[in-house]
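Letters A, B, ... are given to chains in the order of the sequence lines, protein chains preceding strands, and every chain is numbered from 1.
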There are 2 protein chains.
Amino acid sequence: MHYICNIFYYSMLSGKFAISVHILTLLTKFPNDYLSSEFIAGSMNLNPVLVRKEIANLKAHHIVESKEGKNGGTKLSKAASNITLKEIFEMTFENIGLGYAKNQPNPDCPVGKKINQNLEALYVEMNQKVCQQLENISLEDFSTQF
Amino acid sequence: MHYICNIFYYSMLSGKFAISVHILTLLTKFPNDYLSSEFIAGSMNLNPVLVRKEIANLKAHHIVESKEGKNGGTKLSKAASNITLKEIFEMTFENIGLGYAKNQPNPDCPVGKKINQNLEALYVEMNQKVCQQLENISLEDFSTQF
DNA sequence: AAAACTGTAACTTTTTTTATTACTAAATAA
DNA sequence: TTATTTAGTAATAAAAAAAGTTACAGTTTT
């Protein structure tokens, strides 16, 4: 089934990393099976459509592949030992950081003018630290805890 | 003005850390003045009531003090050089981490049963890394960037 | 006494997240 | 070959969370 690629299609799930890791852990546990979105959703207690959306993202990053039709589903397309949590983190577009105020600050105030830029610099550093940590954990490592 | 303490009063602002840092940076820039919530809100383009709520939290942690009445406002109650970003981070109740799925996972699935516990362990480690970083930055350090 | 503040409650509005419904297309199995 | 099961996606609805508003009591200062 083919659709025109829609960049904005993907809705933002707040726990995307958690959801992706959950999906991928299940796929790791059943490396030879195509798991259905229904089955995965059952483990997560989440709507199957949301699971499929999350899988769409993982597919776009080529770490899983799906088969449509009866007995279809999704499986890993590379070994769990060759996938790091850092990769998964980056795939979910999530950023470590402590947020920004929603409103644009006052550009006439010296603090308002620069606050977001200075916070950004701080958060970039955080990301680096966190990525160093996640880079050393493979999906296989994570999955063997279960 | 005194009210009965209400633990649940404090509403959750998503960018609490950012807002607190912004407030504290302003207070650092004017260490001898009581700044009004109106003035602070003007720099942040935020509702003054929200600023006062955030300040209530900072007061509870004894790093700022307020004066009611005419010409009242808020000022730092300790030197900016003696406040670290780690302290501020901890005051905002924010946690580093990459979130959890909203729904309770299926306890009959080996993965569902343990996913949150395993993510938690991962996030605890992240927090430690981030706290190490923030501990080395004082409010004064941060403020001199402006 | 008037004015300018803080503190807080009680809502309301807006935004973001999550869930649902519905339908097309594909693959399999009977 | 036809029914069935599954993915893919759009569109919308519902729920939850965040942000904003209004209102007013209590404090200080002038």
Atom CG of B:L50 and atom P of C:dT14 are separated, to the nearest Å, by 15 Å
Is there a path from A:I115 to B:F30 through hydrophobic residues (I, L, V, M, F, W, Y) whose side chains come within less than 4.5 Å of each other?
yes
Nearest to the B:V49 side chain among C:dA19, D:dG8, D:dA23, which nucleotide is it?
D:dA23
Side-chain N or O of B:S66 less than 4.0 angstrom from OP1 or OP2 on C:dT6?
no
Filter on ring pair (Phe, Tyr, Trp, His ring centres under 6.0 Å), then keep only pairs touching residues 65-87 of chain B, sequence neighbours left out; what's left?
none
So, the side chain of B:S77 versus the backbone of B:H62: is there a donor-acceptor pair under 3.5 Å, distance only?
yes
Once you round it to whole Å, what is the distance between P of D:dT27 and OH of B:Y34?
17 Å
Among D:dG8, C:dT8, C:dT6, find the nucleotide with the atom closest to the side chain of B:A56.
C:dT8
Nucleic acid contacts of residues 103-113 of chain A, taken as heavy-atom distances under 4.0 Å to DNA chain C:
none
Counting distance only, does the side-chain N/O of A:N106 pair as donor-acceptor with the main-chain N or O of A:G112 below 3.5 Å?
no
Interatomic distance where CG belongs to B:L35 and P belongs to C:dA4 [whole Å]
18 Å
Checking A:K78 now: which residues fulfil salt bridge (Lys or Arg N to Asp or Glu O under 4.0 Å) with it, not counting sequence neighbours?
A:E87
Before giving the answer on side chain to side chain donor-acceptor pair (under 3.5 Å), spell out for A:S43 and A:H22 the whole-Å C-alpha distance, their side-chain angles and the decisive distance to 0.1 Å.
CA-CA 9 Å; A:S43 169; A:H22 194 145; 2.8 Å; yes
From D:dA7, C:dT17, D:dA18, nucleotide with atom closest to A:K102 side chain:
D:dA18
Give the dot-bracket line for DNA chain C from 5' end to 3' end: parentheses for intra-strand Watson-Crick or G-U pairs under 3.5 Å, square brackets for crossings, | for inter-strand pairing, dots for unpaired.
||||||||||||||||||||||||||||||
Linking I/L/V/M/F/W/Y whenever their side-chain heavy atoms sit closer than 4.5 Å, directly or via other members, would A:Y34 and B:V111 fall into one cluster?
no
Test of understanding: with salt bridge (Lys or Arg N to Asp or Glu O under 4.0 Å), list the residues that count as partners of A:K29, not counting sequence neighbours.
none
For B:R52 and D:dA19, what is the distance between atoms CZ and C1' respectively, to the nearest whole Å?
15 Å
With a cut-off of 6.0 Å (strictly less than), are more than 12 heavy atoms of other residues, nucleotides or ligands near CD of A:Q145?
yes
Can you check nucleotides 28-30 of chain D for protein contacts, nitrogen or oxygen pairs under 3.5 Å, and list what you find?
unit_1: D:dT28; atom_1: O4'; unit_2: B:E68; atom_2: O; d: 3.4
unit_1: D:dT28; atom_1: O2; unit_2: B:K70; atom_2: N; d: 3.0

Mind checking whether B:Y123 and A:F17 have parallel, tilted or perpendicular rings, split at 30° and 60°?
tilted
How close or far is atom P of C:dT6 from atom CG of B:L58, stated in whole angstroms?
14 Å
With heavy atoms under 4.0 Å as the rule, sort A:T74 into base, sugar-phosphate or nothing.
nothing
Just wondering, more than 12 heavy atoms not from A:Q104 lying within 6.0 Å of its CD?
no
Testing D:dG8, C:dA19, D:dT21 for proximity to the side chain of A:N47, the answer is C:dA19
Round to the nearest Å and state the distance from A:K75 atom NZ to D:dT6 atom P.
18 Å
Are any side-chain N or O atoms of B:N47 and backbone N or O atoms of B:V49, one a donor and one an acceptor, separated by less than 3.5 Å?
yes
Nearest-Å distance for atom pair NZ/P, residues A:K53 and C:dT16:
16 Å
Value in whole Å for how far the P atom of C:dA4 lies from CZ of B:F39:
18 Å
